[in-house]
Amino acid sequence: MHQPIDCDILIVGGGINGAGIARDAAGRGLSVVLCEKDDLASHTSSASTKLIHGGLRYLEQYDFSLVRKALIEREILMRAAPHIIRPLRFVMPHDQGQRPAWMIRAGMFIYDHLAKRELLPASEGIDLRSHAAGAPLKDNFVKAFAYSDCWVDDARLVVLNAMAAAEHGATILTRTTCAAVTRHADHWRATLRKTPHPSSTDTNHAEAPLTVHAKLLINATGPWAASFLQDTVHGHAGKKLRLIKGSHIIVRKLFEHPDAYIFQHPDGRIVFAIPYEHDYTLIGTTDIDYHGDTDKVAIAAEETDYLCELVNHYFTQSITPADVVWTYSGVRPLVEDDKQDDSESASEVTRDYKLAFDTDAAPLLTVFGGKITTFRKLAEEAVDLIAPTFRNQHGAWTADAYLPGGDFIGAQPNNRGVLAFDHFVHNMQQQYAWLPPALVERYVHAYGTRIKVLLADCFSLSDMGEEISPGLFAAEVDYLIQHEWACSADDIVWRRAKFGLHMNVDAIESLSLYIAANLQKYR
């Protein structure tokens, strides 16, 4: 029988909001336990379009405050994690039936100047007849607009926040369900149940439940926020959540240049075509209402058709559903205001977040909505809100702090860290000259300065252990198990490292067997 765990805060939900709040709160000296029923980032937070962006299209909805907040966060996050966040140029072909070119240009001017911009170039008009971005497009597209935002490895962003939280003393419990909570005047009593590791060979052993006594409970369960309140907390949801499914398809790459495309469909929805994993193009997203099982979200045939048809409207190289090599889908919990009409399109519902703080007995904070770009600000506001409960006066700190692996220049995040990242890659390639340069570059993009932890005991390829699949050595798998809570092949190939598109079934099975044989060494 486990001893009860006493803590200041119990966070339920291991997506970007839960991990971000855990990091902020633990860094202020509060004791934190976070539980996630599956793997970190295993649902909505790894199913995004993988962008850190202001949200150009939200200007059409006059949501200037959200865009400004997101643009400010874009710069902060670039400095904090230059290894997993990088600049990306977007090209918007001007199509007949769209708003006049002058209006789009005016919108981009606002986007450039709504918040201070130090790291990214301004928008511009381009001639597709002479620009590299015009080559893959049909001849009728001659004019376009280009602007900059950022690409992010979304699942790694969640993991890095969880790592930072743990390094500040938080307890991170993956594959642990919050089965029951009881509210008292001054604390919560929660029962947490561990689920067997997917790679475990012991199917008969069930761990005893954990009991947690927390002064404050945070509901950061994303699409499950309302149902968690109703079914587990037995309280009223308070906010109306609208679940919106966004799906993406992956095809063999449709263009050679490094820029991305943004297409505005006549129905008002935005679809991106983004270079992905060197050999592929990521296309998405759809925006449709979702009423199904939030644990079983998958793309529908109509969504695949929709994305293929839109791509075929622009590109000379047409695609069909048969060309799709992988898909993923996620459900975003968007907050509906009481004033909003249920008939309003999914793309028009705000992506901003709401924090509901209930202090009728032991405090309860529920997070509604949000987007990956503004997670840090959401976390900061959440901890600012609950800090007086603990008489905690530490104050906000994450705007001037690195995420794990980002600290290769200076004690605090700065522009040089972003601008000199390629130089750091080159230095690591020289330091680890016994490794293939492309592999070192991948390690640096994934782990930043933590490459030195991964390779601490390695001085030659033979020290890396078994090569489970080309470019995937046992040393990296061991690191991910020991430091990043990985315990299944899916955790690694689809979230922490994007090997899934490059590995066959036999290689994935070999990885599963390796994890099963070595998991207990780090547990």
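Sequence positions, counted from 1, serve as the residue numbers for this chain. The analysis underlying the following values was restricted to heavy atoms, covering all of them including side chains, and did not include hydrogens, waters or symmetry mates.
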Heavy atoms only: give me the nearest P87-M78 pair and the separation to one decimal.
CG-CE, 3.8 Å
Applying salt bridge (charged side-chain N to carboxylate O under 4.0 Å, His left out) as the test, list every pair that has at least one member in residues 406-433; sequence neighbours left out.
none
Please assess I468 against F473 for the test side chain to side chain contact (heavy atoms under 4.5 Å, CB included), listing each intermediate value before the final yes or no.
CA-CA 6 Å; I468 299 166; F473 290 89; over 6 Å; no
Would you kindly say whether T49 and H248 are connected by a side-chain donor-acceptor distance under 3.5 Å?
yes
Does a donor on one side chain sit under 3.5 Å from an acceptor on the other, for T221 and N219?
yes
Do the side chains of L435 and L461 get nearer than 4.5 Å, heavy atoms only?
yes
Does the side chain of E36 reach to within under 4.5 Å of the side chain of V158, using non-hydrogen atoms?
no
Looking only at heavy atoms, which two atoms of D153 and K498 are closest? And how far apart?
OD1-NZ, 2.8 Å
Does R79 come within less than 4.0 Å of E118, counting only side-chain N to carboxylate O?
yes
Are any non-hydrogen side-chain atoms of D323 and R252 less than 4.5 angstrom apart?
no
Is the closest side-chain heavy-atom distance between I249 and C308 below 4.5 Å?
yes
Does D127, at its CG atom, have more than 12 non-hydrogen atoms belonging to other residues, nucleotides or ligands within less than 6.0 Å?
yes
Kindly indicate, with the supporting measurements, whether the criterion side chain to side chain contact (heavy atoms under 4.5 Å, CB included) is fulfilled by R99 and E60.
CA-CA 11 Å; R99 287 167 175 76; E60 295 183 347; 3.4 Å; yes
Is the side chain of T374 donor-acceptor paired with the backbone N or O of K377 at a distance under 3.5 Å, no angle test?
no
Centroid-centroid distance, Y443 to Y432, less than 6.0 Å:
no
Side chains of L501 and D279 in contact at under 4.5 Å (non-hydrogen atoms):
no
Apply the side chain to side chain donor-acceptor pair (under 3.5 Å) test between D95 and each candidate in H313, K143, Q264; give the one that qualifies.
H313
Crowding at CZ, F109 (>12 non-hydrogen neighbours, <6.0 Å)
no
Answer yes or no: are there more than 12 heavy-atom neighbours, outside H423 itself, under 6.0 Å from its atom NE2?
no
Less than 3.5 Å apart, which donor and acceptor atoms pair up between the side chains of residues 8-17 and the rest of the protein, not counting sequence neighbours?
unit_1 : atom_1 : unit_2 : atom_2 : d
D8     : OD1    : K215   : NZ     : 3.4
D8     : OD2    : S31    : N      : 2.9
D8     : OD2    : S31    : OG     : 3.2
N17    : ND2    : G369   : O      : 3.4

If you count every heavy atom of other residues, nucleotides or ligands that lies below 6.0 Å from H278 atom NE2, does the total exceed 12?
no
Quick one: closest heavy-atom pair of G406 and T449, and the distance?
N-OG1, 4.5 Å
Mind listing the closest non-hydrogen atom pair of L34 and A19 along with its distance?
CD1-N, 3.8 Å
Taking only residues two or more places apart in sequence or in another chain, which ones pass side-chain contact (heavy atoms from CB on, under 4.5 Å) with P388?
none
Nearest heavy-atom neighbours spanning A401 and A80:
O-CB, 3.5 Å
Within 45° of the ring axis of W485 and under 6.0 Å from its six-membered ring centre, is that where the NZ or CZ of R496 lies?
no
Check the orientation of F255 and H257. Use parallel for under 30°, tilted for 30 to 60°, and perpendicular for over 60°.
parallel
Quick one: which residue pairs count as a ring-ring contact (aromatic ring centres under 6.0 Å, His included) with a foot in residues 20-49, not counting sequence neighbours?
H43-W224
Show the numbers, then the answer: is there a side chain to side chain contact (heavy atoms under 4.5 Å, CB included) between I283 and Y276?
CA-CA 9 Å; I283 301 163; Y276 191 66; over 6 Å; no
Should we count NE2 of H426 as having more than 12 external heavy atoms under 6.0 Å?
no
Take V335 and L241 through the test side chain to side chain contact (heavy atoms under 4.5 Å, CB included) and record every step on the way to the result.
CA-CA 5 Å; V335 183; L241 282 184; 4.2 Å; yes
Quick check against the 3.5 Å criterion: does Y261 have a side-chain atom that pairs as donor or acceptor with the backbone of P93?
no
Answer yes or no: is there a donor N or O on one side and an acceptor on the other, between the side chain of R129 and the main chain of V142, under 3.5 Å?
no
Decide, yes or no, whether a salt bridge links D287 with R57 under the criterion of side-chain N to carboxylate O below 4.0 Å.
yes
C7 and T171, any side-chain heavy atoms less than 4.5 Å apart
no
Sorted by first residue and then second, give each salt bridge (charged side-chain N to carboxylate O under 4.0 Å, His left out) pair with at least one member in residues 461-479; sequence neighbours left out.
R442-E476
cation_pi(K50, Y328) dist<6.0 Å, angle<=45
yes
Within a strict 4.5 Å, meaning less than it, do heavy atoms of the F408 and H83 side chains meet?
no
In short, M108 meets A146 closest at the heavy-atom pair SD-O, 4.3 Å
D259 vs H131 side-chain heavy atoms within contact, under 4.5 Å
yes
Let me know which of F90, F263, W151 forms a ring-ring contact (aromatic ring centres under 6.0 Å, His included) with F272.
F90
Contacts of A399 that satisfy side-chain contact (heavy atoms from CB on, under 4.5 Å) - sequence neighbours left out:
I76, R376
With distance as the sole criterion, is a donor-acceptor pair present between the side chains of Y111 and D149 under 3.5 Å?
yes
Do R105 and S123 have side-chain atoms, one donor and one acceptor, less than 3.5 Å apart?
yes
Has the side chain of N414 got a donor or acceptor atom that lies under 3.5 Å from a matching backbone atom of G417?
yes
Is NZ or CZ of R28 both nearer than 6.0 Å to the six-membered ring centre of F390 and within 45° of the ring axis?
no
